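It should be emphasised that the depicted structure is a prediction, and the values quoted were computed from it without experimental measurement. Start at 1 and go down the list; that is how both ligands and their atoms are numbered.
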Amino acid sequence: MQVPFLSFAPQHQPIREEILEAVGRVYDSQWYVLGQSVRDFEAAYAKFSGAGYCVGVANGLDALHLSLVALGIGAGDEVIVPSNTYIATWLAVSYVGAVPVPVEPSPITYNLDPRLIEAAITPRTRAIMPVHLYGQACEMRAIMEIAQRHQLLVIEDNAQAQGATAHGQLTGSFGAANGTSFYPGKNLGALGDAGAVTTNDEGVAQKLRVLRNYGSQQKYYNEVVGYNSRLDELQAAVLSVKLGYLPEWTRQRQQVAAWYDTHLRGIEGLQLPVAALGSTHVYHLYVVRTARRDALQEHLTAAGIGTLIHYPVPPHQQQAYAHMNIRKGAFPIAEELAATSLSLPMWPGMTEEQVVQVAEAVRSYFD
Ligand SMILES: *Cc1c(COP(=O)(O)O)cnc(C)c1O
C-alpha cells in the first residue's frame, strides 16, 4: 500500500456538498471581489486568531509584504529573520528595500532562538519576524520582551501554525501585524492562493485595506501607491466553511504526530520533533532528522512512501541571495537542518495503520 506525502481526501470528501453550496452562493450573488464573503471570513478568522482585525489578501507572501509596508519598514532598515525558513519571509523584507538579517534557530525546536537575537540588533534594526515553523509556536514571551526592550516591531509569519499557542496565547495575535497563508497545503487551505494579515491595531488594519486595493478607499480615488492583493469571494466562502473544521483537523494532526512519536521512539540516529515548554505544535509538518537523510528518503520512496524536504537550501545559500555574499558555514544550524531534515507524510485523517506502515519502513532502514 502506498502512503502519499499528503492526501486531501479525508478533509474534503465529507464537506464536498457544504463547500459546493458556499461556492454556489457566491456564483449566484454576482459579486466576486471584496464583498460579504470576505467580510464574514475576516471576522471569523480574527476571532479564531484572538486578534482584533483580519484583512484578507491574495497570498501569504503578500500578507507579509503588505504588513511591512503598513508598518513603515523600508530602505535602510534591517529586519531580523530566521536563517531557516521558507524564502517568503526573506522576500517580503527584500520587497520593501530592507535587509533581512538572519539569526539561527534552536537545534531542538527549529524556531528562532531568542538567546541569539540581541547580538544581531544594530541601530538600523526595526523589526523581528519570528516564523512558527512546521506548526510550532516560537518562544513568543522572550521574543516580545526583547522587542519591547529595543523598541522593535514584531511581525509573525504564521503561515504554518494557525491555531498554535505560546503560553496560552494564539499565534498571529502577538505582533503589530502578522501574515498567514491559506495555500492549499497549509493547515487552513483555500482551493487556490489566499492569505491574510491579523492585527490588534485598527489603524494598521485600515492601512492594509487601502494597500490591498490599489491604495484606494473610494473607487477611482487613490491615496497611496497601493497594490492589487485582494482575497476573492470564492476563496473566502470556501475558507469560512473549512475554518469551522480546523480545530478538529488540528486535533487529528496532533493525533497523527502522537502515533509517530510512539511508533518511531528509540531509533538510534533519528531525531523526532520536540515541542518547546509553553508552546503548542499544530504539526503542519512532522519533520524528523538524521545524518543519513538522503538514503532514508530513497528507501522510503522505494517503499511507496512520499516524503519532502523542508527546506533543502536555506535562504542565505539561494542564488537569489548570492548578492549578500554570506559565506558557506556562516549559519551552521540552518545548513545542518537543510542537510538532515525529512518531512514524513502528515494530514488530518491519516490513519494509525498508515502511520505504522511509515514507521516500519523507517525502522527497517535503520535496522
Ligand atoms: C507558505 C509560506 C509562506 C507564503 O505563503 P504563500 O501563500 O505561498 O505566498 C510564507 N512563509 C512561510 C513560512 C510559509 O510556509
Distance-only side-chain donor-acceptor flag, His263 / Glu352, under 3.5 Å:
yes
Go through the steps for Arg39 and Glu42 under the test salt bridge (charged side-chain N to carboxylate O under 4.0 Å, His left out), then give the verdict.
CA-CA 5 Å; Arg39 284 192 293 275; Glu42 288 175 337; over 6 Å; no
Report yes if the side chains of Pro314 and Glu335 come closer than 4.5 Å at any heavy-atom pair, otherwise no.
yes
Look at the side chain of His132 and the backbone N and O of Cys138, then say whether any donor-acceptor pair between them is shorter than 3.5 Å.
yes
Would you find a donor on one side and an acceptor on the other, under 3.5 Å apart, between the side chain of Gln254 and the backbone of Thr280?
no
What class does the angle between the rings of Tyr86 and Tyr311 fall in, given that below 30° is parallel, 30 to 60° is tilted and above 60° is perpendicular?
tilted
Ligand 1 polar-atom proximity to protein (N/O, under 3.5 Å):
{"residue": "ligand 1", "atom": "5 (O)", "partner": "Ser181", "partner atom": "OG", "Å": "3.2"}
{"residue": "ligand 1", "atom": "7 (O)", "partner": "Gly60", "partner atom": "N", "Å": "2.8"}
{"residue": "ligand 1", "atom": "7 (O)", "partner": "Ser181", "partner atom": "OG", "Å": "2.7"}
{"residue": "ligand 1", "atom": "9 (O)", "partner": "Gly60", "partner atom": "N", "Å": "3.2"}
{"residue": "ligand 1", "atom": "9 (O)", "partner": "Leu61", "partner atom": "N", "Å": "2.9"}
{"residue": "ligand 1", "atom": "11 (N)", "partner": "Asp157", "partner atom": "OD1", "Å": "3.3"}
{"residue": "ligand 1", "atom": "11 (N)", "partner": "Asp157", "partner atom": "OD2", "Å": "2.7"}
{"residue": "ligand 1", "atom": "15 (O)", "partner": "Gln160", "partner atom": "NE2", "Å": "2.8"}
{"residue": "ligand 1", "atom": "15 (O)", "partner": "Lys186", "partner atom": "NZ", "Å": "3.2"}

